[in-house]
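Each remark here refers to the structure printed beneath this line.
Side chains are part of it too, since the values below use all heavy atoms of this structure and drop only hydrogens, waters and symmetry mates. These numbers come from a predicted model, not from an experiment. For reference, positions follow the sequence shown, starting with 1.
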Amino acid sequence: MSSQRADLACRIFPEPDASQIDHFDRLPDSLLLLVFNKIGDVKALGRCCVVSRRFHSLVPQVENVVVRVDCVISDDDSSSSSAASDKSRGPFWNLLRLVFGGIVKPIQTLGQFLGPKRPSSSSPTPSSSLAVGTDDDSDAGVTHHSPTQVLKNFNEIRLLRIELPSGELGIEDGVLLKWRADFGSTLDNCVILGASSVFHPKDLTDSAATATNCTDDNGSIPDSFYTNGGLKLRVVWTISSLIAASARHYLLQPIISEHGTLDNLVLTDADGQGVLYMNREQLEELRVKPLSASSASKRTLVPALNMRLWYAPHLELPDGVVLKGATLVAIRPSEQSPNAAKKEASDLSWVSTAFEEPYRTAATMLVKRRTYCLEMNSF
């Protein structure tokens with residue numbers, strides 16, 4: 001009789017087949033969040049949301065988020081409904097109009113995860129030309145969301161990286177132009193590195209190498225720099241970089257106001273042309289002290305500036321790369337913000353460490369040369 005009862009129990013409550021057990025469910029939430037933080041990309045995280053209810057509940061807790069922009073389009077390319085909304089908000093950027101759009105075929109649930117924009121008491125977002133495209137089940141095919149909408153369901157963001165498809169500044173082939181800007185409520189500092197041409201070791205013939213190395217200088221700027229348009233070109237580089245940086249900073253205000261957990265925010269581009277950086281202290285400063293917008297366009301007002309310039313007719317780096325007309329510009333407000341005031345005037349580490357290699361070495365070499373001081377009014 002006992003054996004029959006045991007057999008009956010086995011039939012009613014059979015042992016689960018090992019092949020049917022989902023061992024993934026046995027992973028703790030903390031481990032899954034580590035994986036999601038490694039993924040980071042908004043589109044990929046949106047796809048994760050449809051895997052299970054558990055994933056859908058965990059994705060909003062991701063701390064490291066990356067928003068990559070796939071293409072730049074104009075306001076005229078948006079849908080009619082978007083265009084009507086854009087018209088009511090006004091044009092974005094007189095100089096440049098960047099649009100987060102054209103994300104290639106994310107699944108419909110990504111759009112559902114992004115959802116409608118939640119009400120906000122912050123100042124109007126300058127996102128009339130800024131949208132992330134997601135597939136929709138409507139006849140329109142693609143719905144565009146602002147970065148604020150894309151990020152609204154993430155509750156624990158600490159590190160946010162937004163990557164534009166390309167830099168705003170159109171430069172000729174062979175020309176080097178890179179910048180990094182740190183902002184609080186306004187510009188804290190900006191470093192610009194440029195060169196009229198770049199020669200790599202494989203590009204240098206014997207004659208080119210001889211011509212490149214024949215110039216011997218004592219650290220002074222040659223007279224030809226002022227007469228052949230060299231100075232004018234550097235001024236254009238500087239102003240253009242500052243405009244690009246201040247326009248990017250203006251874009252970030254609604255995102256910063258809605259995500260109080262942010263510790264670091266980076267807005268860069270796929271070309272590596274420019275990087276805007278904000279740390280925790282700078283983010284808090286912007287929340288407490290609202291930015292001042294330029295009357296000319298939707299960008300942060302740039303205060304009066306003090307600039308240091310270093311120049312080398314040619315600069316040969318340890319890896320053999322040669323920068324012709326290498327120029328380094330370090331910029332700080334004339335009346336420094338509390339963040340910048342903490343740094344000693346003689347400390348140039350923020351200049352030499354502004355870029356990744358090999359350009360970090362180039363900046364380090366340039367700051368050892370003779371320094372020239374300039375001033376610029378606010379704009």
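The CD atom of E156 sits 6.5 Å away from the CD atom of E63 when rounded to the nearest 0.5 Å. Here the OG atom belonging to S185 is positioned 7.5 Å from the CG atom belonging to D188, to the nearest 0.5 angstrom. Atom NE2 in H249 sits 13.5 Å away from atom CG in L242 (nearest 0.5 Å). Once rounded to the nearest 0.5 Å, the distance linking CG of L193 with CG of L177 reads 8.5 Å.
Defined by atom type and a distance below 3.5 Å, a donor-acceptor pair is missing between the side-chain atoms of T268 and E163. Under 3.5 Å, the side chains of N155 and Q61 contain no donor-acceptor pair of N or O atoms.
Between R287 and E284 there is a salt bridge, since a side-chain N of the basic residue sits under 4.0 Å from a carboxylate O of the acidic one.
The aromatic rings of F225 and Y311 sit tilted, their planes meeting at an angle between 30° and 60°.
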* What do the steps show when you test E357 against T361 for side chain to side chain donor-acceptor pair (under 3.5 Å), and what is the final call? -> CA-CA 6 Å; E357 294 292 1; T361 297; 2.7 Å; yes
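F154 and L45 make their closest contact through CE2-CD1, 3.9 Å (heavy atoms, listed as atom of the first residue, atom of the second, distance). The two atoms that bring T364 and S352 nearest to each other are OG1-CB, 3.5 Å, heavy atoms only.
A distance-only check finds a donor-acceptor pair linking the side chain of R360 to the backbone of F355 [under 3.5 Å]. Here the side chain of R280 pairs a donor or acceptor atom with the backbone of T261 at under 3.5 angstrom. In this structure, the side chain of D269 engages the main chain of G274 through a donor-acceptor pair within 3.5 Å. Remark: side-chain polar atoms of R248 are paired, donor with acceptor, to backbone N or O of L267 under 3.5 angstrom.
Other residues, nucleotides and ligands contribute only 12 or fewer heavy atoms inside 6.0 Å of the CD atom of E375. The environment of D319 atom CG is dense: over 12 non-hydrogen atoms of other residues, nucleotides or ligands sit within 6.0 angstrom.
Both tests hold for R332 against W350: distance to the six-membered ring centre under 6.0 Å, angle to the ring axis within 45°. Annotation: cation-pi geometry satisfied between R180 and Y277 (NZ/CZ under 6.0 angstrom from ring centroid, within 45° of ring axis).
Counting only heavy atoms from C-beta outward, the side chains of I162 and I255 approach each other to under 4.5 Å.
Each of I221, T371, L366 was compared with L309 under the side-chain contact (heavy atoms from CB on, under 4.5 Å) criterion, and only I221 meets it. Partner of L176 under the side-chain contact (heavy atoms from CB on, under 4.5 Å) criterion, chosen from V198, I171, V321: V198.
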